[in-house]
2 protein chains.
Amino acid sequence: MDKGGKGGLHKSKMKSRRTARKSRTSKTRASLSEAAGKTIDLMGTTARYKRTEKLFNEGDKAAYIYKVESGCIKTYNRLKGDRRHIRAFHLPGDYIGLESHTVHDCIADAIAPSVVRLINKKQLMARANSDIALLKFILGVTSSELMRTRDHKALLLKDAESRIATFLLEIADRDSRRGKIGMPMVRQEIADHLGLTFETVSRILWRLERSRIIALPERHDVVIKNATALKRMSA
Amino acid sequence: MDKGGKGGLHKSKMKSRRTARKSRTSKTRASLSEAAGKTIDLMGTTARYKRTEKLFNEGDKAAYIYKVESGCIKTYNRLKGDRRHIRAFHLPGDYIGLESHTVHDCIADAIAPSVVRLINKKQLMARANSDIALLKFILGVTSSELMRTRDHKALLLKDAESRIATFLLEIADRDSRRGKIGMPMVRQEIADHLGLTFETVSRILWRLERSRIIALPERHDVVIKNATALKRMSA
DNA sequence: CGTGTCATTGATATGGCTCAAGTTTTGTGG
DNA sequence: CCACAAAACTTGAGCCATATCAATGACACG
């Protein structure tokens, strides 16, 4: 796993090219101040990351906050025995590292080719010191993140089937496309996110497919054929 | 379980008596703006709650934020099959409900006789609209809460022994008393907090006692006799 | 001093993990 | 574009940690 990206912190990979067109604001974010969001968007520069490339490592000084513009980023921690805990898969519109720390407390890798906006944290926080709207925006994002984390914690108390049903409904909800749902992460990553093994993930996905609740036309695509059943299982 | 407190929302139990003397500021909170904290403390009124009494129910309009001044409050959700998930045990100095919701997304009960400060949320938020220091304080508390929630999520990926070791170290860290650590919650509540059954909690506590790592002189007191061993197990 | 709650302890069941092949897909260099 | 290696995935069998079921013991309180 993780071949290549040894300790390679971002070199001089900044480009000022404006690549904001694909930015999709999620439902949760939509309720937050749009103006303050724009303030943030205008501040940074964008960078491209290849699959498996690191945005930052655990312990790195947290100099930037990151906004995903396209692709998918995972944030995770290493655990005992080459196990990992994936906190979240970040899709376009998501912010990473907005909660105040001086040092990153997790690792962030691109799991698909991604464009990310980097905003200087010191600069942003200085601005927030006199910009109430911006500060409220940051509070809003942090608050949403707290809720998401609570939901994910609750998920870890359910059985394997419920976890996967919940996960599928969540990615379906976040993916704009109708019909096929993009699932850019591999089985091992789903497992690390849900606190399961990849064998269990594989077995349960197969079980769901056999019972016609989902279809798996491609490794990275799911079709939800019976959302009602999935919702029932996820409870 | 939960005999008595049917749906009894707080009646007219406000008293303006100042009961702040026992308030203890935890380490995490200490780094946050003291002035803004005082602003909050001056705003509310205090109320007393008996053991098992409800502060609020899931679905209640979130009219107040709560600051624990003495005692211990649990916040939790009901799950399928009369199971519950206890989010946190709140000790003196902790804030409850500061993250913005219009409706409470959990239940809060006193697990020991407690004094709690109630601050009108609308009033507080109105004030925060023009008080940057207060807003930053709220962001700080929310941010700490996010970190705590992340830590607790990570805990749920460990095995039963690690969870209990981590839990014991955490309550030891939060309890000021030297030696004996107060553990006001019953076994079932520890289990509901750690995602275990009370039988497993009981068995593991006994195992730790047998191996001289802890002592359990009373049902609600623990003595940590070998913190090093506990720390090793908690990893 | 009896009744209910909480805790301890034992016996058994089981969901998901581990280990082990074998298969399919993806990526890479020629 | 093909061949080959590596990575990802599927499937099976057995096992283990923790849940579940069950019985008993110890307080605490009216």
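Since the model is a prediction, treat every value here as computed from it, not as a measurement. FYI, side chains are in, hydrogens and waters are out, and symmetry mates aren't considered; it's all heavy atoms of this structure.
Counting any heavy atom pair closer than 4.0 Å across all strands shown, B:R210 reaches no nucleic acid atom. When heavy atoms are screened at a 4.0 angstrom cut-off, A:R51 is found touching the sugar-phosphate backbone but no base atom. Residue B:R83 is classed as a sugar-phosphate contact, given heavy-atom separations below 4.0 Å to backbone atoms only.
Sorted by first and then second residue, the ring pair (Phe, Tyr, Trp, His ring centres under 6.0 Å) pairs involving residues 202-235 of chain B (not counting sequence neighbours) form an empty list. The list of salt bridge (charged side-chain N to carboxylate O under 4.0 Å, His left out) pairs with a residue in residues 187-208 of chain B, not counting sequence neighbours, reads B:K74-B:E189, B:E161-B:R207.
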(Q) Counting primed atoms plus P, OP1 and OP2 as sugar-phosphate and everything else as base, spell out the protein contacts along nucleotides 23-30 of chain D at 4.0 Å heavy-atom distance: B, S or - for each nucleotide, 5' to 3'. (A) --------

**Q.** Working for salt bridge (charged side-chain N to carboxylate O under 4.0 Å, His left out), residues A:K54 and A:D60
**A.** CA-CA 12 Å; A:K54 270 192 173 42; A:D60 283 358; over 6 Å; no

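End-to-end axis angle of the helix from C:dC1-D:dG30 to C:dG30-D:dC1, using five pairs per end and rounding to 10°, comes to 50°.
A:Y76 and A:D109 share a side-chain donor-acceptor pair at under 3.5 Å.
Protein atom CE of A:M233 is 14 Å distant from nucleotide atom P of C:dG15, rounded to whole Å. Atom CD1 of B:I111 is separated from atom P of C:dC6 by 12 Å (rounded to the nearest Å). Rounded to whole angstrom, the span from the CD atom of B:Q188 across to the C1' atom of C:dT5 amounts to 12 Å. Atoms CD1 (B:I204) and P (C:dT9) sit 14 Å apart, rounded to a whole Å. Atom CG in A:L156 sits roughly 15 Å away from atom P in D:dT18 (whole-Å rounding). Distance B:L196 CG to C:dA7 P: 15 Å, rounded to the nearest Å. Rounded to an integer number of Å, the gap from CD of B:E209 to P of C:dA7 is 14 Å. The distance from atom CG of B:L79 to atom P of D:dA19 is 14 Å, rounded to the nearest whole Å.
Under the 4.0 Å criterion applied to side-chain N and carboxylate O atoms, A:R150 and B:E145 are assigned as salt-bridge partners. Look at A:D94 and A:K67 and you find no salt bridge, because none of the NZ, NE, NH1 or NH2 atoms lies under 4.0 Å from a carboxylate O.
Residues passing the salt bridge (Lys or Arg N to Asp or Glu O under 4.0 Å) test with B:R163, sequence neighbours excluded: none. Qualifying salt bridge (Lys or Arg N to Asp or Glu O under 4.0 Å) partners for A:E170, counting only residues two or more places apart in sequence or in other chains: A:R174. When the side-chain hydrogen bond (donor to acceptor under 3.5 Å, both in side chains) test is applied to A:D221, no partner is found at least two apart in sequence or on another chain. Applying the ring-ring contact (aromatic ring centres under 6.0 Å, His included) test to B:H193 and every residue at least two apart in sequence or in another chain returns B:F89, B:H152, B:F167. A:H104 pairs by the ring-ring contact (aromatic ring centres under 6.0 Å, His included) definition with A:F56, not counting sequence neighbours.
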Atom pairs and distances, donor-acceptor, side-chain atoms in residues 222-233 of chain A, under 3.5 Å, two or more places apart:
{"residue": "A:N226", "atom": "OD1", "partner": "A:T228", "partner atom": "N", "Å": "3.4"}
{"residue": "A:N226", "atom": "OD1", "partner": "A:A229", "partner atom": "N", "Å": "3.0"}

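When B:L168, B:L155, B:T166, B:I164 are each tested for a side chain to side chain contact (heavy atoms under 4.5 Å, CB included) with B:S234, only one passes: B:T166.
In terms of modelled atom types and a separation under 3.5 Å, the side chain of A:R87 and the main chain of A:T75 share no donor-acceptor contact. Between the side chain of A:R78 and the backbone N or O of A:R84, no donor-acceptor pair lies under 3.5 Å.
Mapping B:V186 and A:E161 onto DNA chain C by nearest heavy atom places B:V186 closer to the 5' end of the strand. Take the nearest nucleotide of DNA chain C for A:R207 and for B:L205: the residue whose nucleotide is more 5' is B:L205.
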Kindly give the atom pairs (protein nitrogen or oxygen, nucleotide nitrogen or oxygen) under 3.5 Å for nucleotides 13-17 of chain D.
none

Give each protein N/O atom lying under 3.5 Å from an N/O atom of nucleotides 20-22 of chain C, with the pair distance.
none

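Distance from the side chain of A:T200 is smallest for C:dG16 among the nucleotides C:dG16, D:dC9, C:dA7. Each of C:dT9, D:dT18, D:dC9 was ranked by its minimum atom distance to the side chain of B:W206; first place goes to C:dT9.
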